[in-house]
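Report on one structure; see the data block that follows.
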Amino acid sequence: MTLRLYDTRSRAKRKFRTLVEGEVGIYVCGITPYSPSHIGHARQAIAFDIIVRWLRNSGYKVNYITNFTDIDDKIISIANDEKVHFLEVANRNIDDYFEVMDLLNVLPADAYPRVTETIPEIISMISRLIVSENAYASSDGVYFEINSAPEKYGQLTGQTLEMVQEGAGGRVTETGSGKKNHRDFALWKFAKEGEPYWDSPWGKGRPGWHIECSAMSLEYLGEKFDIHGGGSDLIFPHHEAEIFQSECCLNHEPVVQYWIHNGMINVDGEKMSKSLGNFWTIRDAISKVHPLELRYCLINAPYRQPVEFNDVMLEDSSSHYRRLISAYGEGLSLCEKKPWENSEFLKSTSTNFSNGMNDDFNTRVAIVEVQSVVKYLKEKIDENNSEEISASVSWLSYHAGSILGLLPNDESIIDEINQKNAAKSAISDIVNDLLKQRTIARDNKNWQRADEIRSELNEMGVIVEDSPDGPIWRIK
RNA sequence: GCAUGGGUGGCAGAGUAGCUAUGCAGCGGACUGCAAAUCCGCGGACCUGGGUGCAAAUCCCGGCCUGUGCUCCA
């Protein structure tokens, strides 16, 4: 089955064909680092991380670019409040971003361009748009003129210029002071008193929001590239603006072959947002659960669907994750990994997994297959079938680990097992002694005493389970 | 209002025409002094009204509900 992906512009799943055989250029709009990253950022980063992992494992050479908008009104305002340089605010949040992404097992992109390091390219692009008469300078900045290319309007949203002219329920009527038309958007904003600025042919100022992505994608991926991604809330106006800028500047279309957009995070059925107060930072979430449990939660729905996020979902994912990791760890400690292609069962689950991923990166289908292999592995562990244990472990290592990124590296899993074993042996004498007492109590049908000992052990962090062959214990 | 998605069992969430999705939860059973774990089994769904088909959750038309966008936003 060949890869098909949903293209926002065509509003349909399309067969994936790259501009250059075997190579993929992908640009994803990144964050504006004015505050610590939230789980929406995590959702997006993980979604595209998995997309890139899948493309690479499908044999493509991928060039994955995602940017930082390290100058904007909010950053400036926070910097002013704190009386620090605006880059201090941006850098501290970018550091936070990299730290949490690493915890979430998000592999680094190939480049992280920043607006403040792309100013010459942005200026050059604006100049070209002025020359081609798609843009004009005015009293407070340089604007893109929508009426210079009206046919490009609504390529992603399906709205026509006429429709929007009706007015968005009367709300979008305000025309920026220097704009000819209220739908024109800023390419360059002149600096007001006390704002950071760069020199330009039109005056001191800074780039508008949209032009950076056109400039950076051009710089890193060229005049045409395969995939442009971002959150679905960027479709309008940001990505439509990019289409105007890039296509008018480069004078060809389409610049982007496939537009893909991830869905938002919902809390109580509504989009997570600061104004609603239903806001989770990544650090909030990983203070409650392991980062990979959060990752599991965020790929439980296919990337285009909204993810319903709350404590229940999070706990649900935690238990799924623990099931996965404990079976995998146990298998890993029992045998070496061996190829799984000889197992009929694993071969067919692998096919299902691939079909799911090839169908617009359906991680939900992929997870179902992972769950079924976890179940299979547990069975094989019970049966002591080392061939199938080895094969299942390596199946999981590839599918759940390399592709979905849900497994820590093997060393740390083994480490953790060893630590637990060490902790276990440190207290085994005392535990065994107590268990012996408990067994005597049970033989005498002294249930009260037996339960006392069990809860005593429980307080020590030891879980006792009575099996037909006598009591089994483990550390919580 | 306009645009664009979606409405599947208690929850999450696959499935675009015919065959058990799956997981969690629930129920019943095995095993248990009890509990836990494990195993076996079970039930339960396709918003609504029409239409096309031998056959529709799946295609077509209408209605209702709902998310998102139209303003900074991943």
Side-chain angles (χ1 to χ4, degrees), chain A residues 6 8 11 13 28-32 34-35 37-48 66 69 72-74 97 154 156-160 162-172 174 182-183 209 229-240 261-266 269-275 297 300-310 312-313 315-320 323-324 352 356 359 362-372 374-375 378-379 381-382 441-448 450-451 454-455 458 463-468 471-474:
Chain A
Y6 185 89
T8 306
R11 274 178 227 109
K13 287 180 193 171
V28 177
C29 288
I31 63 162
T32 301
Y34 68 92
S35 65
S37 295
H38 56 69
I39 57 172
H41 297 136
R43 206 283 234 253
Q44 179 185 70
I46 291 166
F48 285 99
T66 186
T69 303
D72 98 311
D73 294 351
K74 288 193 198 93
Y97 178 85
L156 301 178
T157 58
Q159 301 191 100
T160 65
E162 294 71 39
M163 284 169 176
V164 179
Q165 235 140 14
E166 303 294 316
R171 280 176 294 155
V172 188
E174 184 187 328
H182 79 260
R183 265 169 280 93
W209 174 37
S232 61
D233 54 350
L234 297 187
I235 293 173
F236 189 93
H238 187 238
H239 287 162
E240 293 226 342
H261 293 99
N262 63 279
M264 300 289 102
I265 302 276
N266 285 176
E270 274 183 302
K271 182 179 158 183
M272 185 181 81
S273 74
K274 286 193 169 169
S275 53
C297 184
N300 194 38
Y303 76 92
R304 284 195 290 130
Q305 303 299 327
V307 166
E308 188 60 39
F309 195 85
N310 54 48
V312 177
M313 296 294 109
E315 280 161 27
D316 226 41
S317 303
S318 295
S319 64
H320 284 126
R323 217 171 110 88
L324 164 67
N352 295 342
D359 184 13
N362 193 329
T363 49
R364 179 64 215 179
V365 169
I367 283 177
V368 166
E369 298 307 317
V370 169
Q371 287 172 339
S372 84
V374 167
K375 191 174 174 187
K378 285 161 80 105
E379 275 169 34
I381 289 173
D382 284 346
R442 294 182 72 213
D443 287 346
N444 296 327
K445 300 204 189 305
N446 185 352
W447 310 129
Q448 196 189 339
D451 290 349
R454 184 164 60 194
S455 60
N458 195 277
I463 296 168
V464 179
E465 287 163 11
D466 293 313
S467 81
I472 295 171
W473 66 280
R474 61 187 161 85

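Below, read A as the first sequence line, B as the second, and so on, with proteins coming before strands; counting in each chain starts at 1.
To the nearest whole angstrom, the two C1' atoms, one in B:A45 and one in B:U68, are 26 Å apart. Using atom C1' as the reference point in both B:G44 and B:C60, the two lie 30 Å apart (nearest Å). On the C1' atoms, B:U71 is 33 Å away from B:A12, given to the nearest whole Å. Comparing B:C27 with B:A37, their P atoms sit 14 Å apart, to the nearest whole Å. B:G6 sits 27 Å from B:C19 when the C1' atoms are compared, rounded to a whole Å. Annotation: B:A36 and B:G26 have their P atoms spaced 11 Å apart (nearest Å). B:A14 and B:U20 are spaced 13 Å apart, taking the C1' atom of each and rounding to whole Å. Rounded to a whole angstrom, the distance from the P atom of B:C46 to that of B:G10 is 10 Å.
Within 4.0 Å (heavy atoms only), A:Asn300 reaches sugar-phosphate atoms of the nucleic acid but no base atom. Counting any heavy atom pair closer than 4.0 Å across all strands shown, A:Gln371 reaches sugar-phosphate atoms only and no base atom. Base contact: A:Lys271 has a heavy atom under 4.0 Å from a base atom. Within 4.0 Å of A:Arg43, counting heavy atoms only, lies no atom of the nucleic acid at all. Using a 4.0 Å heavy-atom cutoff across all strands shown, A:Leu234 reaches sugar-phosphate atoms only and no base atom. As judged by a 4.0 angstrom heavy-atom cut-off over every strand, A:His238 is placed among residues making no nucleic acid contact. Heavy atoms of A:Gly40 sit under 4.0 angstrom from at least one base atom. As judged by a 4.0 angstrom heavy-atom cut-off over every strand, A:Val464 is placed among the base-contacting residues. Residue contacts shown for A:Pro237 are absent, as no nucleic acid heavy atom lies under 4.0 Å away. Nucleic acid contact for A:Arg11: sugar-phosphate only, since backbone atoms but no base atoms lie under 4.0 Å from a heavy atom of the residue. Using a 4.0 Å heavy-atom cutoff across all strands shown, A:Asp72 reaches no nucleic acid atom at all. No engagement by A:Glu369 is indicated, since no non-hydrogen atom pair under 4.0 Å with the nucleic acid exists. Base contact: A:Ile265 has a heavy atom under 4.0 Å from a base atom.
For A:Ile381 and B:C39, the CD1 to P distance is 12 Å, given to the nearest whole Å. Rounded to whole angstrom, the span from the CD1 atom of A:Ile472 across to the C1' atom of B:A37 amounts to 8 Å. When rounded to the nearest whole Å, the span between CZ of A:Arg474 and C1' of B:A35 equals 13 Å. Taking atom CZ of A:Arg364 as the reference point, atom C1' of B:C11 lies 11 Å away to the nearest angstrom. In this structure, CG of A:Asn362 is placed 12 Å from C1' of B:A21, rounded to the nearest angstrom. Protein atom NZ of A:Lys445 is 12 Å distant from nucleotide atom C1' of B:U32, rounded to whole Å. Here the P atom of nucleotide B:G13 and the CG atom of A:Asn352 are 21 Å apart, to the nearest Å. The separation between A:Tyr303 atom OH and B:G6 atom P is 13 Å, rounded to whole Å.
Nearest to the side chain of A:His41, among B:A14, B:G23, B:A74, sits B:A74. Checking B:A74, B:A37, B:U38 against every side-chain atom of A:Glu465, the shortest atom distance belongs to B:A37. Distances were taken from every side-chain heavy atom of A:Pro302 (C-beta onward) to each of B:A74, B:C24, B:G13; the shortest belongs to B:G13. Distances from the side chain of A:Asp359 to the nucleotides B:G15, B:G13, B:A12 place B:G15 closest. For A:Asp466, the side-chain atoms get nearest to B:G33 when compared with the rest of B:A74, B:U22, B:G33. The side chain of A:Met313 lies closest to B:C11 when the candidates are B:C11, B:C24, B:G69.
The partner of B:A14 cannot be assigned: no Watson-Crick or G-U wobble pair with both contacts below 3.5 Å exists in any strand. Nucleotide B:A35 forms a pair with no other nucleotide shown, judged by Watson-Crick or G-U wobble geometry with both contacts under 3.5 Å. Base pairing analysis places B:C46 opposite nothing; no Watson-Crick or G-U wobble pair with both distances below 3.5 Å involves it. Searching all strands for a Watson-Crick or G-U wobble partner of B:A25 with both distances below 3.5 Å returns nothing. Across all strands shown, B:U52 remains unpaired; no Watson-Crick or G-U wobble contact has both distances below 3.5 Å. Across all strands shown, the partner of B:C2 is B:G69, judged by Watson-Crick or G-U wobble contacts whose two distances both fall under 3.5 Å.
Contact of the A:Gln305 side chain with the A:Arg364 side chain is not registered, since no non-hydrogen atoms from C-beta on lie closer than 4.5 Å. Residues A:Thr8 and A:His239 are not in side-chain contact: their nearest non-hydrogen atoms beyond the backbone lie 4.5 Å or more apart. Residues A:Arg474 and A:Ile472 are not in side-chain contact: their nearest non-hydrogen atoms beyond the backbone lie 4.5 Å or more apart. Proximity of A:Met272 to A:Met264: side-chain heavy atoms (C-beta onward) are nowhere separated by under 4.5 Å. The side-chain heavy atoms of A:Glu240 and A:Phe236, taken from C-beta on, include a pair separated by under 4.5 Å.
Between the side chain of A:Arg454 and the base of B:C34, a donor-acceptor pair under 3.5 Å is found. Not a single donor-acceptor contact under 3.5 angstrom links the side-chain atoms of A:Asp233 to the base of B:C72. A:Gln159 contributes a side-chain N or O that forms a donor-acceptor pair with the base of B:G69 under 3.5 Å. A donor-acceptor contact under 3.5 Å is not formed by the side chain of A:Arg323 with the base of B:G23.
Shortest non-hydrogen contact noted between A:Gly230 and A:Phe48 is N-CZ, 3.6 Å. Scanning both residues, A:Arg11 and A:Leu156, for their nearest heavy atoms gives NH2-O, 3.9 Å.
Nucleotide B:G53 carries a syn base; the chi torsion (O4'-C1'-N9-C4 or O4'-C1'-N1-C2) is within 90° of 0.
Remark: ring of A:Trp447 stacked against base of B:G33; centroid gap under 5.5 Å, plane tilt under 30°.
Cation-pi check for A:Lys74 over A:Tyr34 is met; the charged atom lies under 6.0 angstrom from the ring centroid and within 45 degrees of its normal.
Phosphate contact (OP1/OP2 of B:U22, side-chain N/O of A:Lys375, threshold under 4.0 Å): absent. Remark: A:Asn458 is not in phosphate contact with B:A36, judged by side-chain N or O atoms under 4.0 Å from OP1 or OP2.
Only one option out of A:Asn300, A:Asn266, A:Ile39, A:Ile265 pairs with A:Val307 in a side chain to side chain contact (heavy atoms under 4.5 Å, CB included); it is A:Ile265.
Remark: the A:Asn262 side chain and the A:Arg304 side chain contain no N/O donor-acceptor pair separated by less than 3.5 Å.
Heavy-atom distances to RNA chain B give each of A:Ala450 and A:Ile31 a nearest nucleotide, and the one nearer the 5′ end belongs to A:Ala450. Both A:Asn266 and A:Gly263 lie close to RNA chain B; mapped to their nearest nucleotides by heavy-atom distance, the more 5′-ward contact belongs to A:Asn266.
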